A.B. asks: 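Encoded as structure tokens, here's the structure I'll be asking about.
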2 protein chains.
Amino acid sequence: MKITIKDIAKEAGVSVATVSNVLNGTGRVSEETAKRIRRIIEERNYVPSTLARGLKNKNTQLISVIVPYLKKGDFEENPFFWQLVSGVEMGTKDQAFNVMLTRVDRDDDLSFVKRHNVDGLIVVGINADSALYQNILDLKIPTVFMDSYIEQPGIYQVHNDDLLGGYLGTKHLLSQGHDRIVLVMGRLADRGVEYQRLLGYKKALAEAGLAYDTHLVMENGGSMLGGYHAAQRITVLPEKATAAFVLSDIGAMGLIKGLNEMGKKVPEDISVVGYDDIFYTEYMIPSLTTIRQDIFKKGMMAAGLLLAQINGEPVPEQSIFLPVELKVRASTAKRLEKGCE
Amino acid sequence: MKITIKDIAKEAGVSVATVSNVLNGTGRVSEETAKRIRRIIEERNYVPSTLARGLKNKNTQLISVIVPYLKKGDFEENPFFWQLVSGVEMGTKDQAFNVMLTRVDRDDDLSFVKRHNVDGLIVVGINADSALYQNILDLKIPTVFMDSYIEQPGIYQVHNDDLLGGYLGTKHLLSQGHDRIVLVMGRLADRGVEYQRLLGYKKALAEAGLAYDTHLVMENGGSMLGGYHAAQRITVLPEKATAAFVLSDIGAMGLIKGLNEMGKKVPEDISVVGYDDIFYTEYMIPSLTTIRQDIFKKGMMAAGLLLAQINGEPVPEQSIFLPVELKVRASTAKRLEKGCE
DNA sequence: GCAAGATGATTAAACGATTAAGCAAGGTGG
DNA sequence: CCACCTTGCTTAATCGTTTAATCATCTTGC
């Protein structure tokens, strides 16, 4: 049977109010009494219940990370999320907050937020035009969006500089002499992370005086399987391409696998750049040139931003942009003359 | 301001007890009143607070998954955990339970369990001889251990048949003509998953009439970096080995990378078998022969077992063993005559 | 026509904390 | 010496829900 504040009070010969006061450092309690109570708390290994506390105070020291399902009932394989969630968990650790992990589908209900009186939300990769987005806003609790590029004011957000990422990846390939660069992405949209990266891609092309060719942009390549299928599409292109920029590392992995099976060598025949720098890119064969974002750190930052909001601390920045970095590895190489046209 | 049971009661013109009764289906409420109350609940979008409910009932519809840190402050990169946690989350979904994710270090305190009145625990990969294990047992709440091979009776556990896995992997290599098979593992112990797999390895060797050679067993190869370093150790072996069985896929990936850098071809020069069948093994180059365990399903089973316990349902099996399966892919091949001695 | 049982509701205590308000005892100033 | 302030505690209400106990009506059987 769990030990409560009453037990402590009884043993110390004081009222529960006094115990509560030493617990919260409020009110006037003599040092002598306080010491005695603290000793008993220690001895009895008493931990106040957040349930009872939360009922009174309207806070639960619980935040929830909301991660979308890829497809109904299908789980998102991208290790990206694991790193992110690990970061969030890390970011809450020293503040005695705990993390609830919730995977939601587009039309899932969010009643768990009310039910559990969750203090705040970290939402990953939700499009601003989805019904889910509105449902989340309607909850009216502290929320941080990650990788959402929401334009509405007053929204707390954390992202990386995705436009720069798209630019750097493309620039790198251009600098190696590639001028027909396939862009493999998940879904072509007019917003969101992939859109930003697309803008970066276009910017780099424009700077190099190259035209933006929609034939080179391939959708449904965000997953490993999607990237794999993109390999075929690349090889049947009317005009040969010598490089591909895949907007996710897992997609890049799939693509390289597919190219391999079709007898194309990476990077000799075709260079590939990924995106994210998930944990194993260095160990791929060939190791993957990619745009690094510090995913773990991003999770920690989001947690920090959320907790500050919850604790009512002044939070100046409403939108945090973290840097990205080009990691050049073995999957990209100078365009060989033999390879062209 | 959150809407409470009182608001519903007032609007329906009844007492809160009546509302509570229709909420819980207990007590006698006329169909007419019940219908009216349900309508109002629907309209007002009322969700009862688990906080208040839990305070009275001693349950919170919250379970916690406890995942160990690899090192202090360092996050465990293995996507294994993500699949597992996803499985657990999936397994709780239809029962309105939520999942708290907690990464704990050996000496971390578990007070969050008491604080949040967590209903149950799913614990991954904790050794039975650790202090953490005792601390968890001392909490005296429903718990399911995964991959722990605890011999104490009365403990609920879920694992795969790791001995069989070790056996199948080794047998496969033997059947391809390899007779010096390196075993790369995390830590040599006398218990736990790796020990079981080691037993399987030994069993297969014994059946083939081969001696168990401790020089072939390499520790600290559980991580990607560990596997990478094992490559060197393998190549300097006094008597050449033509195959390696790595007890984790990420270790195998590291090993293959290492071998590659040392000019050794997989599988031509050396065959490699992994363990787990994490999501990308098929996309590795070469694709990885491995022992498949259905990690997602394991998570779901663990959740099911835990919830049954929490709900007081009769749970006959205290230890669930899930099958494993050998997935033969491209990282293993027949031993070439040129390769021996 | 009346006791007894059903039916459908209400009242009130309880869960484990917090916190405003109250109160007793000792100290201080005029 | 008395009013008043401190100090250190207690009392009691409250948070949102459940549930045992109670109660008022209405049926029903005899």
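To find a chain, count down the sequence lines: A is the first, B the second, and so on, and within it residues start at 1. Remember, it's a predicted structure, so these values are computed and weren't measured experimentally.
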A.B. asks: Nearest 0.5 Å please: distance from the CG atom of A:Leu322 over to the CE atom of A:Met301.
C.D. replies: 5.0 Å
A.B. asks: How many Å lie between CG on A:Asp7 and C1' on C:dC15, as a whole number?
C.D. replies: 13 Å
A.B. asks: Nearest nucleotide by nearest heavy atom, which residue falls closer to the 5' end of DNA chain C, A:Val19 or A:Arg28?
C.D. replies: A:Val19
A.B. asks: Quick one: CG on B:Leu55 to CG on B:Asn59, what's the gap to the nearest 0.5 Å?
C.D. replies: 11.0 Å
A.B. asks: Does A:Ser49 place a side-chain N or O at less than 4.0 Å from the phosphate oxygens OP1/OP2 of C:dG16?
C.D. replies: no
A.B. asks: What's the CG-C1' distance between B:Leu23 and D:dG16, to the nearest Å?
C.D. replies: 11 Å
A.B. asks: How far does CD1 of A:Ile63 sit from CD1 of A:Ile141, to the nearest 0.5 angstrom?
C.D. replies: 10.0 Å
A.B. asks: Return the value, rounded to whole Å, for the distance between atom CG of B:Asn21 and atom C1' of D:dA21.
C.D. replies: 13 Å
A.B. asks: Could you tell me whether B:Asp119 and B:Lys58 have a side-chain N and a carboxylate O separated by less than 4.0 Å?
C.D. replies: no
A.B. asks: Over how many whole Å does the gap from A:Lys10 atom NZ to D:dT10 atom P extend?
C.D. replies: 15 Å
A.B. asks: Please give me every residue in residues 50-61 of chain A whose heavy atoms get under 4.0 Å of an atom in DNA chain D, ordered by residue number.
C.D. replies: A:Leu55, A:Lys56, A:Lys58
A.B. asks: Rounded to the nearest angstrom, tell me the gap between atom NZ in B:Lys2 and atom P in D:dG16.
C.D. replies: 8 Å
A.B. asks: Within the structure, does a side-chain N or O atom of B:Ser30 lie under 4.0 Å from either OP1 or OP2 of C:dA9?
C.D. replies: yes
A.B. asks: In whole Å, what is the span from the CD atom of A:Glu32 to the P atom of D:dG8?
C.D. replies: 10 Å
A.B. asks: Where the side chain of A:Lys6 is concerned, which of C:dC15, C:dT18, C:dT11 is the nearest nucleotide?
C.D. replies: C:dC15
A.B. asks: If I take atom CG from residue A:Asn78 and atom CD1 from residue A:Ile295, how far apart are they, to the nearest 0.5 angstrom?
C.D. replies: 7.5 Å
A.B. asks: Please report the distance, rounded to the nearest Å, between CD1 in B:Ile41 and P in D:dG16.
C.D. replies: 16 Å
A.B. asks: CG of A:Asn311 to CD of A:Gln309: how many Å apart, nearest 0.5 Å?
C.D. replies: 10.5 Å
A.B. asks: Return whichever of A:Val29 or B:Pro48 has its heavy-atom-nearest nucleotide of DNA chain D closer to the 5' end.
C.D. replies: A:Val29
A.B. asks: Parallel, tilted or perpendicular, judged at 30° and 60°: which one describes the rings of B:Trp82 and A:Trp82?
C.D. replies: tilted
A.B. asks: Rounded to the nearest Å, what distance is computed from the CG atom of residue A:Asn117 to the P atom of nucleotide D:dT17?
C.D. replies: 9 Å
A.B. asks: Roughly how far, to the nearest 0.5 Å, is the CG atom of A:Leu84 from the CZ atom of A:Phe80?
C.D. replies: 5.0 Å
A.B. asks: I'd like to know if B:Glu89 and B:Lys93 make a salt bridge, using a cut-off of under 4.0 Å between side-chain N and carboxylate O.
C.D. replies: yes
A.B. asks: Has B:Thr33 got a side-chain N or O lying under 4.0 Å from the OP1 or OP2 atom of C:dA9?
C.D. replies: yes
A.B. asks: Is there a side-chain contact between A:Thr4 and the phosphate of C:dC15, meaning an N or O under 4.0 Å from OP1 or OP2?
C.D. replies: no
A.B. asks: Estimate the overall bend of the helix from C:dG1-D:dC30 to C:dG30-D:dC1 from the end axes over five pairs each, rounded to 10 degrees.
C.D. replies: 60°
A.B. asks: Below 4.0 angstrom from OP1 or OP2 of D:dT18, is there any side-chain N or O of B:Thr26?
C.D. replies: no
A.B. asks: Write down the atom of A:Thr143, the atom of A:Tyr156, and the distance for their closest heavy-atom approach.
C.D. replies: O-CB, 3.5 Å
